[in-house]
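To start, the structure itself, in structure tokens.
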Number of protein chains: 2
Amino acid sequence: MEINCAEDQIVEKIELLPENQLKGLRLPTIRRFPKYLRILWELSSMGRDVVSSEKIANELNIDSITVRKDLAFTGIIGKPKIGYSISLLINGIERLIKPNNQTNIFLIGAGNLGAALLGYKGFEKHGYNIIAAFDSDPYKIGTTIHNKPVLSIDKITEIVEIPGDNIGVLCVPGNVAQQTAEILVKSGIRAIWNFTNVELKVPGHVTVLSEDLSSSLAVLSVNMKKNAYK
Amino acid sequence: MEINCAEDQIVEKIELLPENQLKGLRLPTIRRFPKYLRILWELSSMGRDVVSSEKIANELNIDSITVRKDLAFTGIIGKPKIGYSISLLINGIERLIKPNNQTNIFLIGAGNLGAALLGYKGFEKHGYNIIAAFDSDPYKIGTTIHNKPVLSIDKITEIVEIPGDNIGVLCVPGNVAQQTAEILVKSGIRAIWNFTNVELKVPGHVTVLSEDLSSSLAVLSVNMKKNAYK
DNA sequence: AACAAATTGATAATTATTTATCGATATATA
DNA sequence: TATATATCGATAAATAATTATCAATTTGTT
């Protein structure tokens, strides 16, 4: 599956950021970037031109030093007494976190959660093309959910035909998660956004990001207990 | 809203863990506990009695030292050459992360995501009681989703009547998120699991945990780009 | 033009988290 | 019984992330 779309690989390379700009980027910083973007988009729509790190920090309940350190990764420099140019920041952040031009989302498993994710506005807003859903339920196949077609899971190998970076959003039951992931890998997928609670085993060239609601529930529970003492 | 259910407060205190057992617990550790639980539950169902930190670590692709440090918080001690008692570990972890006996979940906003979360099996599995959904859509009010009643959002203040710790799962549109959160606070909620992309402002006695899919998408995107260099 | 205020960005300090090292111990085996 | 081995748990080291300090700079004000 590494052999497909040699041309696309080249196109992609051209659009890549210099490696060292990504290198120092750490997880907490990356996770904050979309939060900055949301604030910047809003300020921009209000007609504002500049913003201070302090202002952003207050909106997010974090420290302004953290904001400045994060923003430094974009290469955008602020002016003392003034702050940062909002439009430059938006460009700078998007350059770091936006997907490459042709990045396609395929949703696997159009159950409750899958159907909900098909309606997630963030895909388009952040530059992803959500193409279709795959399911094995004959009653769902042929229908559309949020205007996206639901296709037979047997058709999944055809995604290799689609040019660009293809991301699979895995929303199948846990007991078929690993085998479905393997089909995705064979189909030439570059990344899996894993909403099952299974730890997937995939080759190194495939990027996996797992969501885990039970982890969050645990945090909520412990925070509540800690909060009871205050 | 701090004045309700004095008796329940007392009951709750009795069930609380010693404060210092929670104190050192850090976020990464808390987030791993449910992952350990899943493995332990599975091993237990297979009839296994003991497990080594190395085995757990391999399943999760983490370091065994991390596992041992995490498990130390449970107070359970393992045996050299043998490992840990699975049943003791399960008890120990649940003691830390399980909610208090009567912890109720209310879902606010029965849209796509909300409806999906109503079907989330993790609530029951981890000891939460999912009671009802609230919505403002008259076509939804009076119906059930995943066997849970959908009630008018006007009824929300009545949750203060329900004994126990009440958690609100916030799935409303972003533009009404803050105002809905304030209603929840007035209604005596103790925690909010926030699935909107708004940073909520709530009093200190209310615990908030925010999910943010766009943060995850950013991580996925950057990881894909980094992976392209390898 | 001098000064005050706001804000950045660099460096340093602190705190959090992961990873390494290693002695101690329980079990199995020769 | 002695020895080898797996494994824990304590301590230490290394890495990551946040927070503090402060000089430099830009703008506005007297």
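In this text, all values refer to a predicted model and were calculated from it rather than measured experimentally. First the proteins, then the strands, lettered A, B, ... as listed; each starts at 1.
When the P atom of D/dT18 is taken as reference, atom CG of A/N61 falls 15 Å away, rounded to whole Å. One can place NZ of A/K55 at 16 Å from P of C/dA6, the figure rounded to the nearest angstrom. As a whole-Å value, the separation of B/L27 CG from D/dA17 C1' is 13 Å. The distance from atom CD1 of A/I30 to atom P of D/dT18 is 12 Å, rounded to the nearest whole Å. Between the CZ atom of A/R31 and the P atom of D/dA16 there is a distance of 18 Å, given to the nearest Å. Put simply, CD1 on B/I76 is 14 Å from P on D/dC8, counting in whole angstrom units. Computed from coordinates, the A/I77 CD1 to C/dT7 P distance equals 17 Å when rounded to whole Å. Rounded to an integer number of Å, the gap from CG of B/D63 to P of D/dC8 is 12 Å.
Sequence order on DNA chain C of the closest nucleotides to A/E54 and B/I62 puts A/E54 first from the 5' end. Nearest-nucleotide positions on DNA chain D for A/P28 and B/S52 put B/S52 closer to the 5' end. Position along DNA chain C of the nearest nucleotide to B/D70 versus A/K79 favours A/K79 as the more 5'-ward residue. With the nearest nucleotide of DNA chain D identified for both A/I82 and A/T29, A/T29 has the one nearer the 5' end.
Between A/F33 and A/Y36, the angle of the ring planes goes over 60°, which puts this pair in the perpendicular group of the 30/60° scheme. Ring pair B/H126/B/W41 is tilted by interplanar angle, where 30° to 60° counts as tilted.
Among C/dT27, D/dT27, D/dC8, the nucleotide with an atom closest to any side-chain atom of B/S53 is D/dC8. Residue B/R26 has its side chain nearest to C/dT17 when only C/dT17, C/dT8, D/dT18 are considered. Ranking C/dA28, C/dT19, C/dA24 by closeness to the B/T66 side chain, first place goes to C/dT19. Candidate nucleotides D/dT11, C/dA26, C/dG9 were compared by shortest atom distance to the side chain of A/Y84, and C/dG9 ranks first. Nearest to the side chain of A/I65, among C/dA5, D/dA20, D/dG9, sits D/dA20.
In terms of heavy-atom proximity, B/Y128 sits nearest to B/I97 at OH-O, 4.5 Å.
In this model, the phosphate group of D/dG9 is not approached by any side-chain N or O of B/R68 to a distance below 4.0 Å at OP1 or OP2.
Remark: the B/T207 side chain and the A/N227 side chain contain an N/O donor-acceptor pair separated by less than 3.5 Å.
B/K81 contributes a side-chain N or O that forms a donor-acceptor pair with the base of C/dT27 under 3.5 Å.
The local environment of CD in B/E124 is crowded, with over 12 non-hydrogen atoms from other residues, nucleotides or ligands closer than 6.0 Å.
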